[in-house]
Amino acid sequence: MSTLQPVRGTHDLLPDEARRHRLVEEIAFGIARRYGFGEIITPIFEFTEVFSRNLGETTDVVSKEMYSFTDRSGESLTLRPEGTAGVARAFISGGLSQHLPLKLFYRGPMFRYERPQKGRQRQFHQLGIELLGIEGPQADVEAITLAAHILQALGLKDHITLELNSLGDASSRAAYREALVAFLSGRKDKLSKDSLDRLERNPLRVLDSKDEGDREVVVDAPLMADYLNDASRQFFDEVQHGLSIVDVPVLINQRLVRGLDYYCHTAFEFTSTALGSQGTVLAGGRYDGLIGQMGGPATPGIGWAAGIERLSMLAELAIAEERPLAVIPMGPIDVAQALAQRLRQDGFNVELGYSGNMKKRLARANKLHARAAVILGEDEWSRQAVAVRDLDTGLQEEVPLAVLEDRLARFR
RNA sequence: GCGGGUGUAGCUCAGUUGGUUAGAGCGCCAGGUUGUGGUCCUGGAUGUCGUGAGUUCGAAUCUCAUCACUCGCCCCA
């Protein structure tokens, strides 16, 4: 076994896996396009502040998981740990506010220094969308509906549940946070060590703790729903109503919280039980304050991201088999190369067997699942013809070169 | 970052209470005569037993460290 290992938490996508990966992306993007989304490709690294100032200084992602480094000119840069901040930055620097509403789709690698586990890598890939410039709840409905549609297309609708909650607007959230902190502070003796820490850094997180003691405490905790002001309440109702109209089933989870600070109002998560403790497949929410906070024109937004590796593990994909034509030279290779080229120019997928006798070359063609073999035998060649063997039926016929493409058409 | 598990041929795994030449299946390679695959038969190659130390006359088997993966926590997509 080689000592040459990949960096911890990184993985090579070998051809089969890469194929699945790309297929997941293409299916997702194909559906996003039907909803009017166009792709945006932003840099893989940004100035560190783009993330540190906007995701929340106390979040784990910012405080201990970023791959940050100083470049040769002394700038602090960070490999993107998520996609939204970069898109928001691009929105501002590109002056895109005059093109609202904007529907953007992105995909690509993200980096977080975490302890690797199944479905959790240090370099992983996300695809996601951002819908910018629409204040109303119909944007939330559209974003979530698109997500459900993509998951369905990937064949994992049945194993997935959609959990939904509202964090309310800034004032509702602040009021609730205060009430929750007050409640929890009176019960510190019953909270786990982790939750005591959460109480300081991100109190809402205590709500979805897995610790049994915490759960008992949280049962009696004040509910977000009771702290939503009228506008927030109505917004949430309309989102739920909209989802019912398009038949997207929802499980309201009052304890659903988001990890990053920029979220408000709608928060949602599509989860699966098939991934162990990495149950979240796709998650997102509304972030009306983000772009303004970054220094851009106040612009509402909602978006979500999904882990491509997680999607790929769960997806039931019908991967069409590539079935090439095998060109098998018996004489000089030049002739075979010229013929292979002619067929490729004509749109055929052609494999050229380079070595071995006919037996080996046919065996190789078979292993590649070639649909047919084009055999350049000397006898046939002397008659300006080749032998074409159907590898499924074993039937072989002599075909004049002049009509080769026509006869091969059925093997495309 | 915390706690547990695993690590033997390309892959999936077996290797008894430490004992000398480390195995199987699949895959791979070759052959079953001269230009014909898939099935079948025969033969063959491959491992510093994750890495590094230690204990021992002797270690894949025991100890320690280290790396990677993995399960739970944490975090999140």
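Just so it is clear: chains get the letters A, B, ... in the order the sequence lines come, proteins before strands, and each one is counted from 1.
- When all heavy atoms of A/V374 and A/L339 are compared, the closest pair comes out as CG1-CD2, 3.9 Å.
- Geometrically, A/R107 does not engage A/F105 in a cation-pi contact defined by less than 6.0 Å to the ring centre and at most 45° from the axis.
- Atom-to-atom, CZ of A/R389 to P of B/rG35 comes out at 15 Å; the value is rounded to the nearest Å.
- Sorted pairs that involve residues 298-310 of chain A and meet salt bridge (Lys or Arg N to Asp or Glu O under 4.0 Å), not counting sequence neighbours, are lacking altogether.
- Listed by chain and number, the residues in a side chain to side chain donor-acceptor pair (under 3.5 Å) with A/R342 are A/E405 (sequence neighbours excluded).
- Only A/A305, A/G307, A/R310, listed by number, bring a heavy atom of residues 300-318 of chain A to less than 4.0 angstrom from any atom of RNA chain B.
- In terms of heavy atoms, A/L55 sits closest to A/A85 at CD2-CB, 4.2 Å.
- Distance CZ (A/R371) to C1' (B/rG38): 14 Å, rounded to an integer number of Å.
- Contact check, A/R80 against B/rA77: no side-chain N or O comes under 4.0 Å of OP1 or OP2.
- Every residue meeting the side chain to side chain donor-acceptor pair (under 3.5 Å) condition with A/R89, not counting sequence neighbours, appears here in chain and number order: A/E46, A/S93.
- Put simply, CD on A/E351 is 15 Å from C1' on B/rG37, counting in whole angstrom units.
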Atom pairs under 3.5 Å, N or O on each side, protein against nucleotides 25-28 of chain B: can you list them with distances?
from: B/rC28; atom 1: OP1; to: A/K367; atom 2: NZ; distance (Å): 3.1

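- Among the protein residues, A/R361 comes within range of no part of the nucleic acid, since none of its heavy atoms lies under 4.0 Å from any strand.
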Pairs of donor and acceptor atoms involving the side chains of residues 241-259 of chain A, under 3.5 Å and at least two apart or interchain, shall be tabulated with distances.
from: A/S244; atom 1: OG; to: A/H241; atom 2: O; distance (Å): 2.6
from: A/N253; atom 1: OD1; to: A/R255; atom 2: N; distance (Å): 2.8
from: A/N253; atom 1: OD1; to: A/L256; atom 2: N; distance (Å): 3.4
from: A/N253; atom 1: ND2; to: A/E163; atom 2: OE1; distance (Å): 2.6
from: A/Q254; atom 1: OE1; to: A/A225; atom 2: N; distance (Å): 3.4
from: A/R258; atom 1: NH2; to: A/E269; atom 2: OE1; distance (Å): 2.6

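- Residues meeting the side chain to side chain donor-acceptor pair (under 3.5 Å) test with A/R389, sequence neighbours left out: A/Q396.
- When the C1' atom is compared between B/rG19 and B/rC62, the two are found 14 Å apart, to the nearest whole Å.
- One donor-acceptor pair, N or O on each side, does fall under 3.5 Å between the base of B/rG35 and the side chain of A/E380.
- Relative ring orientation between A/H125 and A/H21 is described as perpendicular, the plane-to-plane angle rising above 60° on a 0-90° scale split at 30° and 60°.
- Pairing for B/rU42 is with B/rA30, a Watson-Crick or G-U wobble pair whose two hydrogen-bonding atom distances lie under 3.5 Å.
- Annotation: proximity of residues 19-34 of chain A to RNA chain B (heavy atom, distance under 4.0 Å) is found for no residue.
- Distance, A/D390 CG to B/rG37 P: 15 Å, rounded to whole Å.
- A/D169 is linked by a side chain to side chain donor-acceptor pair (under 3.5 Å) to A/S171, A/S172, A/N229, A/S232, counting only residues two or more places apart in sequence or in another chain.
- Residue contacts shown for A/A363 are limited to sugar-phosphate atoms, with no base heavy atom under 4.0 Å away.
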So which protein nitrogen or oxygen atoms get under 3.5 Å of nucleotides 69-71 of chain B's nitrogens or oxygens?
from: B/rC69; atom 1: OP1; to: A/G9; atom 2: N; distance (Å): 2.9
from: B/rC69; atom 1: OP2; to: A/R8; atom 2: NE; distance (Å): 3.2
from: B/rC71; atom 1: OP2; to: A/K118; atom 2: N; distance (Å): 2.9

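- Taking a 4.0 Å limit (strictly below) on heavy-atom distances, residues 204-214 of chain A reaches RNA chain B at A/R205, A/K210.
- Every pair tested for salt bridge (Lys or Arg N to Asp or Glu O under 4.0 Å) that includes a residue from residues 176-188 of chain A fails, sequence neighbours excluded, so the list is empty.
- Rounded to whole Å, the separation between the C1' atoms of B/rC64 and B/rA22 comes to 25 Å.
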